[in-house]
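Encoded as structure tokens, the structure appears first; notes follow it.
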Amino acid sequence: MTEPTVPGKEPAPARGPARRVRAYHRTPTSEAEANNADIALSMHLAIEGPGGWAPLFDDYGIFFARVAETPGPAGTTEEILRSLVDPHLFHLEGGEFGVVATRVARGGGPDGTEQSSVLIATSPDLLTYTEIGLLDLGVTDGVHRPAAAFDAQAGVYRLSWSDDAGCARRATVADLADAATVGAVEDGGVDGLEHGAPLAVPEEVARGLEVRFGRIVNTDARPLPEVHVPRGGMLGVDSLPGRLELDYSDGSTGSLAIEWDLAAQAAIDTAVPGEHRVQGRVRQAVYPTPFADERADPSVYRFDFNGEQKFLMIATKDLHLDPVNNSGEPVGMPLRMADRIEDLSDEALEAGRVTEVDLLVHGSPDADGNSMTGCFWAPEIHLIDGTLSILFMPSYGTPTDMWSGRASIVQLRKDAAGRHLDPTVPAHWTPARHVVRADGAALNPIQGISLDMTYVEDSGQHYYAWQMLGSVFIARMDPADPTRLTSDPVRIIAPEYAWDNLIAEGPNVLARDGRLYLLYSGSTVGDTYTTGLATAPAGEGADLTDPATWTRLGHPIQKSGPFNGEMQLGTGHGMWSEDEDGNLLYVFHARTDRKGLTGRDMFVRRVHFATDGMPVLDMETEEELLPELRDVSVTVRVR
């Protein structure tokens with residue numbers, strides 16, 4: 001297939017050699033293939049290379065239709081969700097990109113607009129999209145398989161499509177956002193304009209697509225500098241290079257710590273001039289997969305325990321995918337503490353290197369004396385005003401009623417000298433207190449339930465963000481009184497696409513290089529669970545309670561797909577963390593049936609940042625570090 005040629009059409013402005021991209025939707029198959037209708041019925045992209053056409057983003061959707069209307073106060077509902085079929089790419093008048101498609105109801109059924117209208121979106125780079133909306137063509141007999149191209153000579157866009165009977169139709173439009181500029185509809189197509197034909201794009205646009213939606217791999221390592229030691233000088237443990245600097249296929253860089261042969265280092269006699277080689281190995285921990293069975297919404301926190309580095313792990317017990325009652329087994333809020341990340345795992349638990357204690361159990365009283373009977377959902381560990389704190393949601397009633405759940409906090413007590421007590425002792429934590437509005441009212445006045453609370457600090461302002469009404473809300477708070485908001489809750493993320501559909505939850509925020517990265521999760525807690533991302537300026541005093549401050553991706557940042565040769569399903573509720581070497585971690589859960597269990601299991605993974613500033617949450621082991629680069633050596637010269 002070739003790019004359509006329309007009389008008078010001007011090519012896109014030259015921005016490097018052109019490559020070709022194709023847009024398409026898929027035929028839905030199953031959730032297990034990450035190709036259910038919510039995903040299949042969106043715009044997918046394939047890019048042409050030396051080996052032919054290759055799908056981007058593991059053949060997952062890249063542009064999704066937005067909801068038919070802004071979600072109401074109670075959140076997104078099924079009837080406003082939309083999908084799309086038959087997407088077509090074209091150049092806009094200014095050389096950027098347009099998408100024309102047929103909008104349908106969620107799942108692919110008719111939503112009525114396909115009888116008269118096409119869905120229009122624009123994009124500067126095929127990475128981000130602005131949905132202009134529906135363009136009414138003034139017909140009532142169906143608009144299917146649309147295509148578009150700009151005619152520079154006439155100064156209009158030429159549209160073609162098929163009606164319900166399969167007959168070709170055409171029209172012109174001067175302004176894609178204004179149905180009043182649509183010309184008369186005529187029979188027949190537009191010569192050279194073929195639905196779904198490839199589109200030539202500049203090389204830098206193609207490269208941007210490959211960075212965002214392709215695989216990024218380690219390509220090389222920077223040479224280690226020689227170590228020079230004066231005769232008789234000290235060769236301490238910090239004298240050798242601490243990290244190996246790595247280069248990646250997209251032009252980004254990274255690094256991993258090196259573990260040196262300390263015996264060989266100690267054997268060097270600095271009293272005698274000479275040259276020596278010291279061997280080392282790059283520290284690339286490969287964590288067990290899963291890391292912990294049936295531990296959902298996991299949180300790992302690097303904790304300065306009175307001058308001693310510790311790692312804490314906490315999660316939702318999710319026995320047999322029943323986080324409310326744990327399928328009749330004991331409910332609780334499990335905590336583990338270890339000196340190393342790997343010693344928080346189930347392998348370490350089974351080997352006796354770590355113990356797990358339930359800080360709260362069925363019947364534990366809250367600060368008001370009410371018995372908490374279950375859930376203990378989504379516990380997160382934060383340091384708030386210098387005090388180790390856990391934000392979580394307990395529920396009440398017999399049987400436990402999840403809708404009674406309220407975002408709550410417990411805090412670790414300190415001794416008379418101001419040192420934290422042992423966090424693995426349940427009695428060392430304060431009774432749970434609900435987080436309430438400034439006037440003392442419940443956070444959620446419509447449904448009651450509030451959960452997934454996280455803590456954010458930026459530019460001297462402190463915030464809570466949490467889920468209620470199926471959306472992410474944020475409000476200011478005072479760390480001196482962590483149970484009460486100081487501003488009204490504001491919704492900053494509501495589900496708008498089929499991939500996150502009816503829920504946006506589990507916010508967690510990282511500040512990095514002048515930017516806040518807010519992870520959140522969408523869809524349901526099963527095989528379709530997915531991770532989204534919103535960003536905001538960091539350190540600039542931006543008002544994080546203003547929804548306009550946040551920029552949200554229209555596609556997931558992590559989703560079900562292949563990883564290290566296996567399919568991972570239902571990835572979500574991710575949290576930022578850090579390992580012993582200061583590497584950024586992403587801790588999340590996914591669905592597995594390991595050991596015959598059916599809950600959501602915990603995973604731990606390092607994070608890479610691509611050249612476009614986006615986090616890569618699914619870099620595979622050999623993509624992160626080439627096997628031949630794992631063993632290193634350095635020259636030590638004594639002079």
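The analysis underlying the following values was restricted to heavy atoms, covering all of them including side chains, and did not include hydrogens, waters or symmetry mates.
- With rounding to the nearest 0.5 Å, the separation of CZ in F63 from CG in L127 is 13.5 Å.
- Within the 6.0 Å centre-distance limit, the rings of Y529 and H589 are counted as a close aromatic pair.
- Looking at D618 and R215, a side-chain N of the basic residue comes within less than 4.0 Å of a carboxylate O on the acidic one, giving a salt bridge.
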Practice problem: Carefully, step by step, assess R212 and L126 under the rule side chain to side chain contact (heavy atoms under 4.5 Å, CB included). | Solution: CA-CA 10 Å; R212 178 71 60 86; L126 300 183; over 6 Å; no
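- A donor-acceptor pair under 3.5 Å is formed between the side chain of D250 and the backbone N or O of T611.
- A salt bridge (Lys or Arg N to Asp or Glu O under 4.0 Å) check over residues 499-513, counting only residues at least two apart or in different chains, returns the pairs D500-R552.
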Exercise. Start with the C-alpha gap between L89 and R22, add the side-chain angles, then the distance that decides, and say whether side chain to side chain contact (heavy atoms under 4.5 Å, CB included) holds.
Key: CA-CA 7 Å; L89 289 176; R22 295 182 62 178; over 6 Å; no
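- The two atoms that bring I47 and A206 nearest to each other are CD1-CB, 3.6 Å, heavy atoms only.
- Considering all non-hydrogen atoms of both residues, K559 and P556 come closest at CB-CB, 4.3 Å.
- Separating the OG1 atom in T571 from the CZ atom in R591 is a distance of 12.5 Å, to the nearest 0.5 Å.
- With sequence neighbours excluded, the residues forming a salt bridge (Lys or Arg N to Asp or Glu O under 4.0 Å) with R26 are D59, listed by chain and number.
- Using a 4.5 Å cut-off on side-chain heavy atoms (C-beta onward), D163 and V139 make no contact.
- E566 CD: 12 or fewer foreign heavy atoms inside a 6.0 Å radius.
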Exercise. Under the side chain to side chain contact (heavy atoms under 4.5 Å, CB included) rule, what do Y463 and V509 come out as? Steps first, then yes or no, please.
Key: CA-CA 11 Å; Y463 306 84; V509 181; over 6 Å; no
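- By the 4.5 Å heavy-atom criterion applied to side chains, I39 and E31 are not counted as neighbours.
- Side-chain N or O atoms of R243 include one that pairs as donor or acceptor with a backbone N or O of S255 at under 3.5 Å.
- You'll find the side chain of P198 stays beyond 4.5 Å of the side chain of E48, heavy atoms only.
- In this pair, F64 and W499 present their aromatic rings perpendicular. The plane angle is above 60°, beyond the 30 to 60° band.
- Between V282 and V632, the closest side-chain pair of non-hydrogen atoms falls below 4.5 Å.
- Results of the side chain to side chain contact (heavy atoms under 4.5 Å, CB included) test with H88 over V118, V99, L193 single out L193 as the only residue that passes.
- In this structure, OG in S160 is found 9.5 Å from NE2 in H195, a value given to the nearest 0.5 Å.
- Distance CD1/I557 to CG/L518: 12.5 Å, rounded to 0.5 Å.
- Counting all heavy atoms, side chain and backbone alike, D458 lies closest to G541 at OD2-N, 4.4 Å.
- In terms of modelled atom types and a separation under 3.5 Å, the side chain of T454 and the main chain of D452 share no donor-acceptor contact.
- A donor-acceptor pair under 3.5 Å is formed between the side chain of N218 and the backbone N or O of D220.
- Checking side-chain atoms of T76 against main-chain N and O of P495 turns up a donor-acceptor pair under 3.5 Å.
- When every heavy atom of G75 is checked against every heavy atom of S471, the shortest pair comes out as CA-OG, 4.4 Å.
- The side-chain contact (heavy atoms from CB on, under 4.5 Å) search around R630 returns R281, Q284, T621, E622, L625, P627, not counting sequence neighbours.
- To the nearest 0.5 Å, atom CD of residue E114 and atom CG of residue D164 are 8.0 Å apart.
- Classified by interplanar angle (parallel below 30°, tilted 30° to 60°, perpendicular above 60°), the ring pair Y517/W576 is perpendicular.
- Here the side chain of S560 pairs a donor or acceptor atom with the backbone of G570 at under 3.5 angstrom.
- Taking all atoms of both residues into account, the shortest heavy-atom contact from L92 to F97 is CD1-O, 3.3 Å.
- Between I80 and P71 the shortest heavy-atom distance is CD1-CA, 4.0 Å.
- Residues satisfying the salt bridge (Lys or Arg N to Asp or Glu O under 4.0 Å) test with D111, not counting sequence neighbours, are R82, R103.
- Applying the side-chain hydrogen bond (donor to acceptor under 3.5 Å, both in side chains) rule to R145 yields no partners; only residues at least two apart in sequence or on another chain are considered.
- One side chain, T29 or N35, offers a donor N or O that lies under 3.5 Å from an acceptor on the other.
- Using a 4.5 Å heavy-atom cutoff, the side chains of D187 and C167 are not in contact.
- Judged purely by atom type and a 3.5 angstrom limit, H25 uses its side chain to pair as donor or acceptor with the backbone of D86.
- Contact annotation: the side chain of V100 never approaches that of W161 to less than 4.5 Å [non-hydrogen atoms, C-beta and beyond].
- Using a 3.5 Å distance cut-off with no hydrogens or angles, the side chains of Q461 and S459 do not pair a donor with an acceptor.
- F588 meets the ring-ring contact (aromatic ring centres under 6.0 Å, His included) test with Y586, F603; sequence neighbours excluded.
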Quiz prompt | Residues R158, R170; criterion side chain to side chain contact (heavy atoms under 4.5 Å, CB included); working and verdict | solution = CA-CA 7 Å; R158 298 196 179 274; R170 67 177 182 265; over 6 Å; no
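- Side-chain atoms of T549 come within 3.5 Å of backbone N or O of D543 as a donor-acceptor pair.
- Side-chain atoms of S577 come within 3.5 Å of backbone N or O of V300 as a donor-acceptor pair.
- Put simply, the side chain of R606 gets close to the backbone of A285: a donor and an acceptor are under 3.5 Å apart.
- Under the 30°/60° scheme for interplanar angles, the aromatic rings of F57 and Y60 are found to stand perpendicular.
- When side chains are defined from C-beta on, R106 counts as touching E78, because their heavy atoms get closer than 4.5 Å.
- Residues S523 and N501 are in side-chain contact: their nearest non-hydrogen atoms beyond the backbone lie under 4.5 Å apart.
- Distance check: L516 CG to L510 CG gives 8.0 Å after rounding to the nearest 0.5 Å.
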